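Notes to accompany the following structure.
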Amino acid sequence: MARRKKVYEGKAKILYEGPEPGTLVQYFKDDATAFNAEKRATIEGKGVLNNRLSEFFMTGLNAIGVPTHFIRRINMREQLIRAVEIIPLEVVVRNVAAGSISKRLGIEEGTPLPRPIVEFYFKNDELGDPLVAEEHILAFGWAAQQDLDDMVSLALRVNDFLSGLFLGVGIRLVDFKIEIGRIWDGDYMRLIVADEISPDSCRLWDIETGKKLDKDVFRRDLGNLADAYTEVARRLGVMPQGPTGVTKPTLIN
Ligand code: TMP
């Protein structure tokens with residue numbers, strides 16, 4: 001049997017060659033890392049949950065006209081995606097102060113921000129993904145001014161969509177990270193949302209209790225990560241039976 005070709009392996013996902021040109025298969029691993037992979041663990045079921053949750057968010061975005069790389073889910077851990085040229089920037093949108101902005105600027109975690117703030121980080125593990133200004137992005141040619149404007153507008157549309165979705169199930173979208181890629185339609189280039197959208201790359205707090213339902217549970221040792229992600233999925237109506245798919249036996253009369 002022919003073995004499929006691995007194109008790239010990251011910390012949480014593997015990309016394989018897809019069935020047609022311009023496509024890839026994205027496989028979600030159970031591995032969790034934090035602080036640039038200084039802290040690692042394998043969390044059973046995480047890959048399955050993130051595959052389903054990323055499918056859910058990207059399908060919703062596609063439906064409202066925000067283009068994403070998502071084509072269709074293949075199985076519990078894999079999805080078919082469009083191959084893109086990833087822009088080497090992590091685009092972070094923040095609604096409430098938490099994490100690095102709280103540390104950097106001395107703003108107490110949980111302080112609502114006056115408006116959503118969009119930040120860019122240079123994707124480079126050796127440098128620890130440093131915060132960069134538009135000036136750096138333009139000067140080093142990572143993206144052009146038009147790309148930057150499009151990236152901000154995409155990021156804010158994703159923020160509006162996700163904030164509303166989470167608000168409806170009692171969750172505050174504190175912040176999130178997306179990655180954006182280029183695709184070519186003949187001579188025309190378009191930017192689309194790529195990578196993944198999942199609790200690995202968002203901060204999600206229960207509106208009533210403030211309970212964290214995202215990767216901070218792992219980063220800060222606050223409990224069971226798979227339980228937190230299962231809770232997010234359950235509230236959104238995604239895999240109500242949980243990641244193992246095991247349901248209790250029921251009596252048939
Ligand atoms: P930060 O507060 O640590 O800068 O994180 C901002 C958001 O970006 C948060 O939702 C977590 C997400 N994030 C990633 O997805 N990957 C990363 O490598 C980092 C540092 C943050």
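Whatever order the structure lists ligands and atoms in, that order sets their numbers, starting from 1. What you see below is based on every heavy atom in this structure, not just the backbone, and it leaves out hydrogens, waters and symmetry mates. In this text the structure is predicted, and so the values were computed from the model without any measurement.
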*Which of the atoms of ligand 1 are close to Gly99, meaning less than 4.0 Å from one of its heavy atoms?*
2 (O)
_Among all protein heavy atoms in this structure, tell me which lies nearest to atom 17 (C) of ligand 1, with the distance rounded to 0.1 Å._
Glu90 OE1, 3.9 Å
*Angle class for the Phe140/Trp142 ring planes (parallel below 30°, perpendicular above 60°, tilted otherwise)?*
tilted
*Hey, are Asp175 and Arg94 close enough for a salt bridge, meaning a charged N less than 4.0 Å from a carboxylate O?*
yes
*Going by heavy-atom distance to atom 5 (O) of ligand 1, choose the closest among Lys215, Lys177, Arg203.*
Arg203
_Could you check, using the six-membered ring where one of them is a Trp, whether Phe166 and Phe176 have ring centers closer than 6.0 angstrom?_
no
*Please identify which atoms of ligand 1 are closer than 4.0 Å to at least one heavy atom of Ala98.*
2 (O)
*About how many Å separate CG of Leu154 and CZ of Arg190, when rounded to the nearest 0.5 Å?*
10.0 Å
_Per-atom contacts, ligand 1 versus Tyr121 - under 4.0 Å to a heavy atom_ = 4 (O)
_Candidate with minimal heavy-atom separation from atom 1 (P) of ligand 1, of Ala12, Ser100, Ala37_ = Ser100
*asked:* For Asp31, is there an ion pair with Lys11 - N to carboxylate O distance below 4.0 angstrom?
replied: no
*Run through Leu165, Asn95, Val96 and flag the one making a side-chain contact (heavy atoms from CB on, under 4.5 Å) with Leu173.*
Asn95
_Atom CZ of Arg4 with >12 non-hydrogen neighbours under 6.0 angstrom_ = yes
_Can you check atom 20 (C) of ligand 1: any protein non-hydrogen atom closer than 4.0 Å?_
no
*If you measure from each non-hydrogen atom of Arg219 to ligand 1, which part falls under 4.0 Å: side chain, backbone, both or neither?*
side chain
*Near Arg94, which atoms of ligand 1 are under 4.0 Å from a heavy atom of that residue?*
1 (P), 2 (O), 4 (O), 6 (C)
*What are the atoms of ligand 1, with element, lying closer than 4.0 Å to any heavy atom of Phe176?*
10 (O)
*Name the closest protein heavy atom to atom 10 (O) of ligand 1, giving the residue it belongs to and the distance to 0.1 Å.*
Asp175 OD1, 2.5 Å
*So, are Glu44 and Lys46 salt-bridged, with charged N and O less than 4.0 Å apart?*
no
